[in-house]
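Remarks on the structure that follows.
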Amino acid sequence: MAQGPASTFEGGEYQGYTPRPIGPLEKIGPQILYGEELSGHDRRVASGKEGSGRTDNQPYLSNPSVPLSRGRLAEVTIDGSSLTLQELVSVARGNSTVQVDRKALQRTRRGRAVLEKLLQEDEVIYGVNTGFGALSNVKVAPEDLKQLQANLLRSHASSVGKPHSTDVVRAMMLLRANTLIKGNSGIRPEIPQLIVALLNKRVHPYIPQKGSVGASGDLSPLSHMALVLMGEGRVEYKGAWIVGKQALQKIGHDPVQLEAKEGLALNNGTQQMTSIGCLNLYDSYNLLETAEAALALSLEAIKGWIDPFDERIHKVRRHGGQIQVAMDIRALVRGSKLCRSITKDDLAGGRPQDPYSFRCAPQVMGAVIDAMGFVRSTLDIEMNSATDNPLIFPDDKTCLSGGNFHGQPVSMALDIMGLGLSTLANISERRISALLDASLNNGLTAFLVGKESKPGLASGLMALQYTATALVAENKILAHPASSDSIPTSGNFEDFVSMGPGAAHKSTGILENSRYVVAIELLAAAQAVHLRGDSGLGRGTKRVYQAIRRVVRPLTQDRSSHDDIERVFELVRDGQVSDVVRRFTKGSD
């Protein structure tokens, strides 16, 4: 396990953590997302075949140097208002370069000019010429305004724990630059331009994960990021930890001396929670499609009924996600000889209905899709919002103090994301149980004991459900809403906080647990299909089964399932199963 960075350093390089590659760039599915997708070479590069670094217990995980297009690097232009989820991921996990829109820079200059004029008129402006939080009643002399901003960042850089992975740090930097160029922050344009320069040179500040309550935004983690602009703090650059000043020198920049309000503009905002949320949302769509594959394969494995997926049932309820799941399952099992139907099969050949975890899957999993739609709408807005305080309104030549830094919208959305992912894992675990239960799996052995084994002497996949149960139980604990909590800070002046970072961190844990549960279902379903015979699989599920068999052989005699689970987990995480789903469901029906 990697150890923390040493308290001393030699020659400007911190000793300790060794950066490693992050996981592959995953994709958004067109069926579920109704939006952008990679295509052609971009999809192949981002398919997950190159690099598979785990994020477990890793501090910084450098991105693989893989361009998203041939010949030149992809470019993302930010203007403060139109950044997309796809673009954010291409910068955070890919190799896209960032440019700042010229008109946005002009707005930024104009906002700064208005703020400077207000200061000349000796206006009292919170956080600009006053103290912060409970100290806002203290007026600060003009000659101390620069020191005020530097002190703010130094004093608030108090986060602890493991540093964020590189993709989260890069997303935070991108989002912070994007909000600063809206023209409402009163900051000089050189500041967001320097953040972009760091991004493009792949200089990644050291930002510990924990320490924000998401009220005046993510004050502490953003302060750690901003210290680097002053030549302080530390960064990961070309695989080594170095001090901020040295990193700036290496890329041809000098440390900045912050002017009035600029420290506050840099650390007031929701960029930590939003970055984690965006990346997890992106991965969640991938997992949703993979869960559809698991459902379809499990349905065939138990010789389940296809009738509950008939489009007529779902059109009379009209929930979009429900309709989508039913349509995708029909596409995946098209041509199947294993699924039964009331129109052609004898009802005497078993129960006329399957358990809810199969029969009601469109209603349950569809609700997750619809919930993710709400999450995406919230994060789309937040990515392009002014989230610091106070805000400058150049047209009105005024500065107003408010609360756009408050993370409650993001916190509640990420709690909903966690609940949705937990639900996805819950119903997957129920199908795992059904696959292993001889009273429900329609003629297969108990616990799917291998063909060369004797039930009782061999336990088969019995213990897989134990693992899945442990994971969903943990998810249920993590699904408790962080947004329902509030612990006042700053001498009770900041008396209602969002706990949005907690919601973000929880969603990360729930996402990983849910990936494992779906991987276990795929593994169990593949074993059930092996026992029943795979010749009757549908067009899509046949490809899913083949993908699993390329990494895991069928169980014939008892063996440790750990490696098998991990191999299928990698298929899930790297998007290889969702690739298959996308291929067979795009334009289905």
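What you see below is based on every heavy atom in this structure, not just the backbone, and it leaves out hydrogens, waters and symmetry mates.
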Just how far is it from atom CG of Leu440 to atom CZ of Arg430, taken to the nearest 0.5 Å? 9.5 Å
Keeping the roles fixed (side chain from Thr270, backbone from Met273), state whether a donor-acceptor pair exists under 3.5 Å. no
Ignoring hydrogens and angles, tell me if any N or O in the side chain of Arg330 forms a donor-acceptor pair with the backbone of Phe309 under 3.5 Å. yes
Has Ser459 got a side-chain atom pairing as donor or acceptor with Met462's backbone, closer than 3.5 angstrom? no
Only one of Asp415, Asp283, Asn280 passes side-chain hydrogen bond (donor to acceptor under 3.5 Å, both in side chains) with Ser507; say which it is. Asn280
Within a reach of under 6.0 Å around NZ of Lys451, are more than 12 heavy atoms found that belong to other residues, nucleotides or ligands? yes
Test item: side-chain donor near acceptor, Gln546 and Arg543, under 3.5 Å: yes
Under 3.5 Å: donor-acceptor pair, side chain of His314, backbone of Pro308: yes
Minimum-distance pair of heavy atoms, taken over all atoms of Leu421 and Ser514: O-OG, 3.1 Å
If we ignore angles and hydrogens, is there a donor and acceptor under 3.5 Å between the side chains of His164 and Gln272? yes
Mind checking the CG-CE spacing from Leu174 to Met172? Nearest 0.5 Å is all I need. 12.0 Å
Quick one: do the Thr274 and Glu382 side chains pair a donor with an acceptor below 3.5 Å? no
For residues Leu435 and Ala301, report the shortest heavy-atom separation together with the two atoms involved. CD2-CB, 3.8 Å
Are any of the side-chain nitrogens in Asp579 or Arg582 under 4.0 Å away from the carboxylate oxygens of its partner? yes
Is a side-chain donor or acceptor of Ser90 paired with a backbone partner of Glu87 at a separation under 3.5 angstrom? yes
Measuring only between side-chain heavy atoms, which start at C-beta, is Leu461 closer than 4.5 Å to Val449? no
Looking only at side-chain N and O atoms, does Ser498 offer a donor or acceptor that is under 3.5 Å from a partner on Ser411? no
How many angstroms lie between CG in Asp307 and OG in Ser341, if you round to the nearest 0.5 Å? 4.0 Å
Are Met327 and Glu311 close enough that some pair of their side-chain heavy atoms sits under 4.5 Å apart? no
Do any N or O atoms from the side chain of Arg549 and from the backbone of Val552 form a donor-acceptor pair under 3.5 angstrom? yes
What's the spacing between Arg431 CZ and Gln465 CD if we round to 0.5 Å? 13.5 Å
So for atom CZ, which belongs to Arg539, do other residues, nucleotides or ligands contribute more than 12 heavy atoms lying within a distance under 6.0 Å? no
Side chains of Arg202 and Asn95: does their closest heavy-atom pair fall under 4.5 Å? yes
Validation row: Leu175, Met383 side chains within 4.5 angstrom (heavy atoms): yes
For the CG atom of Leu523 and the CG atom of Asp564, what is their distance to the nearest 0.5 Å? 5.5 Å
Closest contact, heavy atoms only, Phe358 versus Pro362: O-CD, 4.1 Å
Do Arg359 and Asp354 meet the salt-bridge criterion of a basic N to acidic O distance under 4.0 Å? no
State the CZ-CG distance between Arg170 and Leu88, to the nearest 0.5 angstrom. 10.5 Å
Do Cys278 and Leu85 have side chains that approach each other closer than 4.5 Å (heavy atoms only, starting at C-beta)? yes
Modelled atom types, side-chain donor and acceptor of Glu236 and His204, under 3.5 Å: yes
So, does Asp574 use its side chain to make a donor-acceptor pair with the main chain of Gln576 at under 3.5 Å? no
For residues Ser298 and Glu521, is any side-chain donor paired with an opposing acceptor at under 3.5 Å? yes
Tyr516 and Glu566 side chains, donor-acceptor separation under 3.5 Å: yes
For Val518 and Ala294, the nearest pair of non-hydrogen atoms, with its separation, is CG1-CB, 4.2 Å
What is the minimum heavy-atom distance between Gly509 and Leu478, and which atoms define it? C-CD1, 4.2 Å
Please answer whether the main-chain N or O of Leu419 pairs with a side-chain N or O of Thr423 as donor and acceptor at a distance below 3.5 Å. yes
Pairing donors with acceptors under 3.5 angstrom, does anything connect the side chains of Ser212 and Asp218? yes
Counting N and O atoms only, with roles assigned by atom type, does the side chain of Asn442 sit under 3.5 Å from a partner on the main chain of Ile302, one being a donor and the other an acceptor? yes
Taking all non-hydrogen atoms of both residues into account, name the closest pair between Arg532 and Lys303 and its distance. NH1-CD, 3.1 Å
Side-chain (Asp558) to main-chain (Gly460) donor-acceptor, under 3.5 angstrom: yes
